[in-house]
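Contents: one structure, followed by commentary.
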Amino acid sequence: VVYYFSYIDDNGNEGSEVTGVPDRIASATSTTISFAVLLDSNMDVIPVKDSSTIYAYLPMNDERFKFPFYVNADFIPNSQRESISNDNPWNHFLFYNIGRKIAQTVANFAAIEHPQYLNLLVSSYFKSDDIGTDDLISAFNRGYEESIKNEAFILSHKGKIVTQED
């Protein structure tokens, strides 16, 4: 059995095969993206200050993306296995979904007695300072923007989790 991903156009028609996706990923029916958040003894959020916060089960030396928490996923690394492959559509999919899940994660930590929960938000959209990261950054920023616009993650003065518009 051969598994592969294919591009789908705006009308839902299957296009060419997406290359560079290992069979173990192409044959999977789901994937997991994990966020690891540092907490102090009072259960307050401590933003991660490490230079690299990206893991593909082992730490990567990829310092291009700074998250205030650690991220672990089935990333497809570059040939040196030190950073995320920029041009792989699977990695674009993962980055989009990382962006989409941030507000939901922040909402899980929202508590009146722990106001630092908002420190889990990425302070600004990523900017491309590195040739070749445009697609990864675009995917993340698109997911992140959807997340913070549509998800309830802010603790109101009444103790309810609300959206920015609320």
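Residue numbers run from 1 in the order of the sequence given.
Between the side chain of Asn91 and the backbone N or O of Ser85, at least one donor-acceptor pair lies under 3.5 Å. Between the side chain of Tyr117 and the main chain of Asn108, no donor-acceptor pair closer than 3.5 Å is present. When atom types are taken as modelled, the side chain of Arg64 and the backbone of Ile84 share a donor-acceptor pair closer than 3.5 angstrom. Panel note: side chain Ser147, backbone Arg100; a donor-acceptor pair is recorded below 3.5 Å.
Contact check for Pro77 versus Glu82: no side-chain heavy atoms found under the 4.5 Å cut-off. Phe93 is listed as a side-chain neighbour of Thr31, based on a closest heavy-atom distance under 4.5 Å. Looking at heavy atoms from C-beta onward, Phe109 lies in side-chain contact with Leu39 at the 4.5 angstrom threshold. A 4.5 Å side-chain heavy-atom check between Val45 and Val37 finds at least one atom pair inside the cut-off. No side-chain heavy atom of Asn61 sits less than 4.5 Å from a side-chain heavy atom of Pro59. Side-chain contact between Pro68 and Val122 is present, with heavy atoms from C-beta onward closer than 4.5 Å. Between Phe140 and Tyr96, every side-chain heavy-atom pair lies at or beyond the 4.5 Å cut-off.
The aromatic rings of Phe35 and Phe69 sit tilted relative to each other, their planes meeting at an angle between 30° and 60°. Ring geometry for Phe65 versus Phe126: interplanar angle of 30 to 60°, hence tilted.
Arg81 CZ to Met60 CE: the interatomic distance, rounded to the nearest 0.5 Å, is 7.0 Å. Remark: Asp166 CG to Lys160 NZ distance equals 10.5 Å, nearest 0.5 Å. Taken from NE2 in His92 to CG in Asp87, the straight-line distance is 6.5 Å, to the nearest 0.5 Å. Asn119 CG to Leu38 CG: the interatomic distance, rounded to the nearest 0.5 Å, is 12.0 Å. Of the inter-residue distances, the one linking Glu113 atom CD with Leu155 atom CG reads 9.0 Å to the nearest 0.5 angstrom. To the nearest 0.5 Å, atom CG of residue Leu120 and atom OG1 of residue Thr105 are 8.0 Å apart.
Of all heavy-atom pairs between Ser52 and Asp62, the closest is OG-O, 3.2 Å. Residues Gln164 and Ile154 come closest through the heavy atom pair CG-CD1, 3.6 Å. Between Met43 and His114, the shortest heavy-atom distance links the atoms O-ND1, 3.6 Å. Contact detail for Ala107 and Phe153: the closest heavy-atom pair is CB-CA, 3.8 Å. The minimum heavy-atom distance between Tyr57 and Asn72, with the atom names listed, is N-OD1, 2.7 Å.
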Original post:
Hey, mind stepping through Leu121 and Ser123 against side chain to side chain contact (heavy atoms under 4.5 Å, CB included) and telling me if it holds?
Top reply: CA-CA 6 Å; Leu121 291 172; Ser123 60; over 6 Å; no
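Annotation: Tyr144 is not in aromatic contact with Phe95 [ring centroid separation under 6.0 Å not met].
Linking Ile, Leu, Val, Met, Phe, Trp and Tyr residues whenever their side-chain heavy atoms come within less than 4.5 Å places Leu94 and Val71 in a single cluster. Following chains of ILVMFWY side-chain contacts shorter than 4.5 Å, one cannot reach Phe67 starting from Tyr70, and the two form parts of different hydrophobic clusters.
In summary, the side chains of Asn78 and Ser83 do present a donor paired with an acceptor at a separation below 3.5 Å, with no hydrogens or angles considered.
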